*Asks:* 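Structure incoming, see below.
Because the structure is predicted, anything quoted here is derived from the model rather than measured.
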Amino acid sequence: MSGFLQNIWGTVQGYLHAFEFLDILDILITAFLIYQVLKLVQGTSAAGIIRGIVLLFVLYGVAYFAELNVIVFVLENVAQVGLLAVIIMFQPELRKMLDSLGRSKLTTILKREQAETDMRAMIREVVDACSSMSWSRTGALIVFERDKPLDEIVNAATEVDAKPTSELIKNIFFVKAPLHDGAMVMRDARIKAAGGVLPLTENEALPKELGTRHRASIGVTEHSDAVSVVVSEETGVISVAIGGAIRRNLSSEALENTLIRELIDYREKKDPTKIDMREKTRNLLGILKGKSE
């Protein structure tokens, strides 16, 4: 018996000497997954089956080290058939676990980062299109939906649902295009609709030179939290309307900065978890950099 224990201790020592960082990480991830599975089946009929499987694993380990070959042979063959049986029996639990994994924080963060990437790409395309339309004096009106849905406007417009590109935006607002007089609605970094009709502002204090397109761009921001960009057909001036107020004579750079602030930074301020995650990432990178130096 003492020889058996010495063999076990020698094996353990060999594993400890060969341990590396990736081995520790491997163990931690495996332990986390096992914990999640146990938490998932706790209080269900599967909990008893899990305990039975754990006992079989323990029995297999004891039989293997004690060189009880018949028991090892039986358990190994049972395990091959048992794996399929476990999958069939745990089908509801497995489905629940996968659904839970799909809604995890990591997945949410990745989706959020992808949404920001798409938003930045959309902003670049819009800025390029507006700069070109400003030079050619092509009238345009683009509305960016934020928290309050613009379903009433979208449903009455022509559905597009396309990835925004500078060329597509310019084609829609081309003077002879059928939808050029209406508003384009952006939703989730995509061109949702075009040819939309917007409510006009009732603000009588606005300058007289502001036409229907500008008054509509202001009006939609009075009735919602949307952001609108308008390019003047007469002067080529680019303007942005937010919260019932309009800023005029924006350069391409100022337009891009405004859209980033109102469409991306705006959401970060409303979601402190994202800022907190970025702060933690920066702190971790600072610690790792300090250690490397």
Side-chain angles (χ1 to χ4, degrees), residues 119-146 148 150 153-154 156-158 160 162-187 189-266:
M119 191 70 73
R120 288 186 182 276
M122 177 203 68
I123 289 172
R124 285 194 297 270
E125 296 296 330
V126 169
V127 171
D128 288 345
C130 288
S131 299
S132 179
M133 291 186 291
S134 174
W135 179 82
S136 62
R137 296 196 178 183
T138 301
L141 176 53
I142 306 173
V143 181
F144 301 88
E145 183 184 84
R146 293 206 280 188
K148 187 174 180 180
L150 301 174
I153 296 169
V154 169
T158 301
V160 178
K163 181 180 178 181
T165 64
S166 176
E167 293 304 319
L168 178 57
I169 295 170
K170 288 188 289 185
N171 284 340
I172 289 174
F173 288 113
F174 178 63
V175 69
K176 292 184 180 180
L179 302 175
H180 80 280
D181 270 335
M184 176 184 291
V185 179
M186 295 287 193
R187 173 183 290 173
R190 291 179 67 84
I191 303 175
K192 181 61 180 176
V197 178
L198 307 182
L200 299 180
T201 180
E202 297 180 359
N203 186 354
E204 297 180 357
L206 293 173
K208 300 297 181 183
E209 65 266 22
L210 295 183
T212 304
R213 188 176 278 118
H214 288 81
R215 293 179 181 275
S217 72
I218 298 170
V220 71
T221 66
E222 292 174 339
H223 292 83
S224 70
D225 64 346
V227 176
S228 63
V229 174
V230 58
V231 180
S232 172
E233 189 174 355
E234 289 77 23
T235 63
V237 167
I238 301 173
S239 306
V240 173
I242 305 167
I246 189 167
R247 288 178 57 201
R248 304 174 65 192
N249 296 302
L250 269 68
S251 64
S252 298
E253 183 180 359
L255 174 61
E256 182 173 4
N257 291 336
T258 300
L259 292 178
I260 289 173
R261 184 177 64 249
E262 297 299 331
L263 301 178
I264 298 176
D265 297 346
Y266 159 83

*Asks:* Are Lys163 and Glu125 close enough for a salt bridge, meaning some N to O gap below 4.0 Å?
*Replies:* no
*Asks:* Quick check for you: to the nearest 0.5 Å, what is the distance between Ser228 atom OG and Leu141 atom CG?
*Replies:* 6.0 Å
*Asks:* Can you name the nearest heavy-atom pair linking Gly196 to Ile153, along with the distance?
*Replies:* CA-CG2, 4.4 Å
*Asks:* Could you go step by step and tell me if Arg261 and Val227 meet the side-chain contact (heavy atoms from CB on, under 4.5 Å) rule?
*Replies:* CA-CA 11 Å; Arg261 184 177 64 249; Val227 176; over 6 Å; no
*Asks:* Going through the checks in order, is the side-chain contact (heavy atoms from CB on, under 4.5 Å) test met by Ile142 and Cys130?
*Replies:* CA-CA 10 Å; Ile142 306 173; Cys130 288; 4.2 Å; yes
*Asks:* Between atom CD1 of Ile218 and atom OG of Ser239, what is the distance when rounded to the nearest 0.5 Å?
*Replies:* 8.5 Å
*Asks:* Test Leu263 against Met122 for side-chain contact (heavy atoms from CB on, under 4.5 Å), laying out the working first.
*Replies:* CA-CA 11 Å; Leu263 301 178; Met122 177 203 68; 3.9 Å; yes
*Asks:* Would one find more than 12 heavy atoms of other residues, nucleotides or ligands at under 6.0 Å from atom CD of Glu209?
*Replies:* yes
*Asks:* For the OG1 atom of Thr158 and the CG atom of Leu179, what is their distance to the nearest 0.5 Å?
*Replies:* 4.5 Å
*Asks:* Side chains of Phe173 and Val231: closer than 4.5 Å at any heavy-atom pair?
*Replies:* no
*Asks:* Between Glu145 and Arg187 (side chain of the first, backbone of the second, donor and acceptor by atom type, cut-off under 3.5 Å), is there such a pair?
*Replies:* no
*Asks:* What pair of heavy atoms forms the shortest contact from Ala183 to Val143, and how long is it?
*Replies:* CB-CG2, 4.3 Å
*Asks:* Can you give me the closest heavy-atom contact between Ala162 and Leu168, atom names plus distance?
*Replies:* CB-CD2, 3.9 Å
*Asks:* Do Ile264 and Ile123 make a side-chain contact, defined as non-hydrogen atoms from C-beta onward lying under 4.5 Å apart?
*Replies:* yes
*Asks:* Nearest 0.5 Å please: distance from the CG atom of Leu210 over to the NZ atom of Lys208.
*Replies:* 10.5 Å
*Asks:* Can you tell whether the side chains of Arg213 and Glu233 come within less than 4.0 Å, N to carboxylate O?
*Replies:* yes
*Asks:* For the residue pair Arg215 and Asn203, what are the closest heavy atoms and their distance?
*Replies:* NH1-O, 3.7 Å
*Asks:* Output the distance between atom CZ (Arg137) and atom CD (Glu234), rounded to the nearest 0.5 Å.
*Replies:* 9.0 Å
*Asks:* Please find the pair of heavy atoms, one from Thr212 and one from Leu200, that lie closest to each other, and give the distance.
*Replies:* O-CD2, 3.7 Å
*Asks:* Report the C-alpha separation of Arg146 and Glu262 in whole Å, then their side-chain angles, then the decisive distance to 0.1 Å, and conclude whether the side-chain contact (heavy atoms from CB on, under 4.5 Å) test is met.
*Replies:* CA-CA 9 Å; Arg146 293 206 280 188; Glu262 297 299 331; 3.1 Å; yes
*Asks:* What's the spacing between Ser251 OG and Asn257 CG if we round to 0.5 Å?
*Replies:* 8.0 Å
*Asks:* Considering non-hydrogen atoms only, spot the tightest contact between His180 and Phe174 and give its length.
*Replies:* CB-O, 3.1 Å
*Asks:* Does Thr221 reach the main-chain N or O of Gly244 with its side chain, forming a donor-acceptor pair under 3.5 Å?
*Replies:* yes
*Asks:* Just by distance, do the side chain of Thr258 and the backbone of Ala254 share a donor-acceptor pair under 3.5 Å?
*Replies:* yes
*Asks:* Do side-chain atoms of Lys170 reach the backbone of Thr138 as a donor and acceptor pair under 3.5 angstrom?
*Replies:* no
